[in-house]
S.K.: 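Please read through the structure below; I'll follow up with questions.
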Amino acid sequence: MNIFVTFHDRIAAILAEFAKAGRLPADLDMARFVVEPPRDATMGDLACNAAMVFAKEAKAGFGGPRTLATEIAFALAPDKDVAEAEVAGPGFINIRLKHHVLGDVVRAALTGGADFGRARGGADAPKINVEYVSANPTGPMHVGHGRGAVFGDALAGLLEFAGHTVTREYYINDAGAQVDVLARSAFLRYREALGEEIGAIPEGLYPGEYLVAAGRELAAKYGGALFERPESEWLEDVRAFAIDAMMDMIRDDLAALNITHEVFFSERSLTRGPAGDRVAAAIDDLRARGLVYVGRLPPPKGQPPDDWEDREQTLFRSTQFGDDIDRPLLKSDGGYTYFASDIAYHKVKIDAGYDVLIDVWGADHGGYVKRMNAAVKALSGGRVELDVKLCQLVKLMRAGEPVKMSKRAGDFVTLREVVDEVGVDAVRFMMLYRKNDAPLEFDLARVIEQSKDNPVFYVQYAHARGKSVLRQASAAFPGIDLSARALAGADMSRLSDEGERALMRQIAQYPRMVEQAAAAHEPHRVAFWLHDLASLFHAHWNKGKDAPQLRFVNHEERDLTCARLALVVSLTSVLASGLGILGVNAPDEMR
RNA sequence: GACCCCGUAGCUCAGCCGGAUAGAGCAACUGCCUUCUAAGCAGUAGGUCGCAGGUUCGAAUCCUGCCGGGGUCGCCA
């Protein structure tokens with residue numbers, strides 16, 4: 001039940017009637033106007049801007065937007081759900097709903113349970129692929145990876161809730177030089193495990209302690225068989241082994257955050273898989289479209305190009321699709337550039353039939369967005385939409401002070417350490433309590449505080465507090481039926497306090513909020529909405545301190561209590577639903 | 001030099017495919033509570049939405065140009 005959609009439809013029908021009578025053009029685009037919550041609740045429950053949006057079209061048949069607004073309001077007046085419709089400001093139609101409508105919303109939230117606000121998603125719903133994390137398989141995840149991971153995961157959950165078919169995908173960068181470095185680093189630890197004194201880790205290798213175990217396992221698997229052999233003989237095996245070990249570790253880190261992917265896609269498989277060289281195929285595809293040529297690029301500006309070598313390269317005409325410069329596909333040694341691999345990877349996704357691709361990247365890859373967009377446009381002929389979401393840096397704090405990262409290479413704060421210290425709920429919620437493209441300060445001390453300054457606690461506590469009300473109700477009215485079905489029969493007209501009405505209005509906005517957050521690919525909106533809802537609940541609860549008649553459980557008035565319990569159950573249900581989208585627990589109590 | 005992100009209250013940030021008097025939390029100030037409806041409450045004050053133009057009935061929101069902060073800039077990933 002989405003009252004905003006309901007009224008959008010009804011007003012569209014009114015406009016269609018006007019069009020039928022020849023007073024408006026027949027081809028009005030009804031998507032142009034909106035029905036939304038008014039700025040101020042005193043203005044009513046719904047506001048519509050249709051008259052202003054169609055001001056131009058209304059000139060002939062109505063003389064102007066105010067008249068159109070007045071006539072729409074007049075046509076709305078007999079509606080069974082409308083108490084009052086009036087024109088305000090430059091031509092807003094403000095609608096005050098009859099009392100029963102918000103009660104119906106509570107009932108819908110109550111009986112809908114976890115499905116309230118969920119979109120059905122028919123066969124025509126876009127298929128969406130969300131690619132996120134994609135941390136290099138060379139070590140444990142750090143906090144920055146964590147942000148992208150949580151963001152991508154919550155976005156995927158949000159899109160699913162909004163009715164889309166979603167695939168969660170991880171792109172394993174297992175083809176570049178960094179995995180050779182990984183292999184050499186692991187090999188060193190292998191020699192160490194066999195008893196060799198390796199001393200300090202040489203410059204250029206990964207020094208992290210996390211490779212010690214991999215070295216030991218290599219020793220267990222191969223014994224001394226690889227020892228003293230030339231690199232060409234062991235590199236491939238050790239690399240494959242080390243990548244697997246690192247991916248296991250990363251999967252563990254992700255599991256600690258309740259994140260799983262349906263697809264792990266190996267970059268290496270693009271050239272070495274059963275499908276042959278898919279990078280070459282992708283380049284051929286572009287070439288067939290006349291988008292590949294051999295030419296020279298101007299040297300990069302800004303930093304003096306010491307080692308700049310002016311040479312002919314194989315280039316993709318990304319400038320035809322809005323990029324600033326054409327981009328190379330082949331390296332000077334003849335190998336594919338990372339971009340070439342990425343083109344092939346996105347072609348795989350396009351060919352898989354996705355309508356929307358979402359890539360979640362770190363902000364340092366910002367310069368890469370235009371060329372990737374260009375590639376997807378070129379490969380799909382504009383059919384597939386690519387949305388790259390950039391996640392800004394995370395600044396780790398403790399009680400207002402930046403957490404010092406040790407200078408010693410390889411020794412950084414891992415995601416796992418943070419999750420173990422503050423818990424998965426705090427990490428997930430805080431990572432989402434900010435727009436993805438704004439930098440984030442993450443304070444380890446604050447997120448475990450039990451106070452209203454800590455948004456995680458504040459929202460979770462609202463849920464726990466609601467559950468506590470229900471426990472108290474059971475104690476006050478032994479045997480009371482708190483099932484959704486029973487409470488749906490309560491007399492919702494008893495919910496007349498402004499605090500209760502505010503809660504009902506916020507709950508009524510849930511379906512609309514979810515839809516918009518999903519359309520914008522912005523899960524943070526869910527987090528902020530939850531905080532607002534929690535805030536309304538806590539505020540109303542506190543009024544009961546001085547005004548006992550406002551408390552949810554009233555021993556003298558069972559019917560009133562039932563109506564209020566219906567509100568509380570719908571509230572906790574919606575809180576749990578929203579937290580569920582974000583992958584955060586909704587605890588029954590906070591102990 | 002080019003491109004991308006950011007610039008909103010003292011601080012941290014919402015709001016941005018245009019909409020009414022620009023919101024929240026913290027801090028500040030003023031009351032209240034000293035509890036069990038645990039992890040406080042109510043209220044006050046605080047803003048030329050970086051600057052200047054433009055489009056529009058209407059701009060924090062869209063466009064252009066500046067200013068400031070961050071990031072990126074063939075072959076690395």
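Protein chains get the first letters and strands the later ones, always in sequence-line order, with residue 1 at the start of each. Predicted, not measured: the structure shown is a model, and the values here were computed from it.
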S.K.: Return whichever of F457(A) or R327(A) has its heavy-atom-nearest nucleotide of RNA chain B closer to the 5' end.
M.R.: F457(A)

S.K.: For the CD atom on E312(A), are there more than 12 heavy atoms of other groups (residues, nucleotides or ligands in this structure) within a distance under 6.0 Å?
M.R.: yes

S.K.: At under 4.0 Å between heavy atoms, what does Y433(A) touch on the DNA or RNA strands: base, sugar-phosphate, or nothing?
M.R.: nothing

S.K.: Taking the nucleotide of RNA chain B with the nearest heavy atom to each, does A55(A) or P298(A) sit closer to the 5' end?
M.R.: A55(A)

S.K.: Without decimals, in angstroms, what is the distance between E441(A) CD and G25(B) C1'?
M.R.: 15 Å

S.K.: What nucleic acid atoms does A519(A) come within less than 4.0 Å of, heavy atoms only: base, sugar-phosphate, or nothing?
M.R.: nothing

S.K.: Would you classify S451(A) as touching base, sugar-phosphate or nothing, given that sugar-phosphate means primed atoms plus P, OP1 and OP2, and contacts are heavy atoms under 4.0 Å?
M.R.: sugar-phosphate

S.K.: Take the angle between the ring planes of Y345(A) and Y171(A) and call it parallel below 30°, perpendicular above 60°, tilted in between.
M.R.: parallel

S.K.: Stems involving RNA chain B: give each as a range paired with a range, ordered by first number, where a stem means at least three consecutive Watson-Crick or G-U wobble pairs under 3.5 Å.
M.R.: B:1-7 with B:67-73, B:10-13 with B:23-26, B:28-32 with B:40-44, B:50-54 with B:62-66

S.K.: Using the C1' atom in both, what is the distance from U21(B) to G68(B), to the nearest Å?
M.R.: 31 Å

S.K.: Give one of base, sugar-phosphate or nothing for K543(A), where a contact means two heavy atoms less than 4.0 Å apart.
M.R.: nothing

S.K.: Checking all strands, does N94(A) fall into the base, sugar-phosphate, or nothing category for heavy-atom contacts under 4.0 angstrom?
M.R.: base

S.K.: So does L315(A) get a backbone contact from the side chain of D326(A), meaning a donor-acceptor N/O pair under 3.5 Å?
M.R.: no

S.K.: Measuring only the P atom in each nucleotide, how far is G23(B) from C36(B)? A whole number of Å is fine.
M.R.: 37 Å

S.K.: How is R465(A) classified with respect to the nucleic acid when contacts are heavy atoms under 4.0 Å: base, sugar-phosphate, or nothing?
M.R.: sugar-phosphate

S.K.: What is the separation between atom NE2 on H365(A) and atom P on U72(B), rounded to the nearest whole Å?
M.R.: 10 Å

S.K.: Going by the angle between their ring planes, with limits at 30° and 60°, are Y461(A) and F457(A) parallel, tilted or perpendicular?
M.R.: parallel

S.K.: Checking all strands, does D324(A) fall into the base, sugar-phosphate, or nothing category for heavy-atom contacts under 4.0 angstrom?
M.R.: sugar-phosphate

S.K.: Pick base, sugar-phosphate or nothing for G176(A), based on heavy-atom distances below 4.0 Å to the nucleic acid.
M.R.: sugar-phosphate

S.K.: Using atom CZ of R32(A) as one end and atom P of U56(B) as the other, report the distance to the nearest whole Å.
M.R.: 15 Å

S.K.: Can you say whether the rings of F33(A) and H8(A) are parallel (under 30°), tilted (30 to 60°) or perpendicular (over 60°)?
M.R.: parallel

S.K.: Identify whether any heavy atom of A88(A) sits under 4.0 Å from a base atom; if not, whether one sits that close to sugar-phosphate; answer base, sugar-phosphate or nothing.
M.R.: base

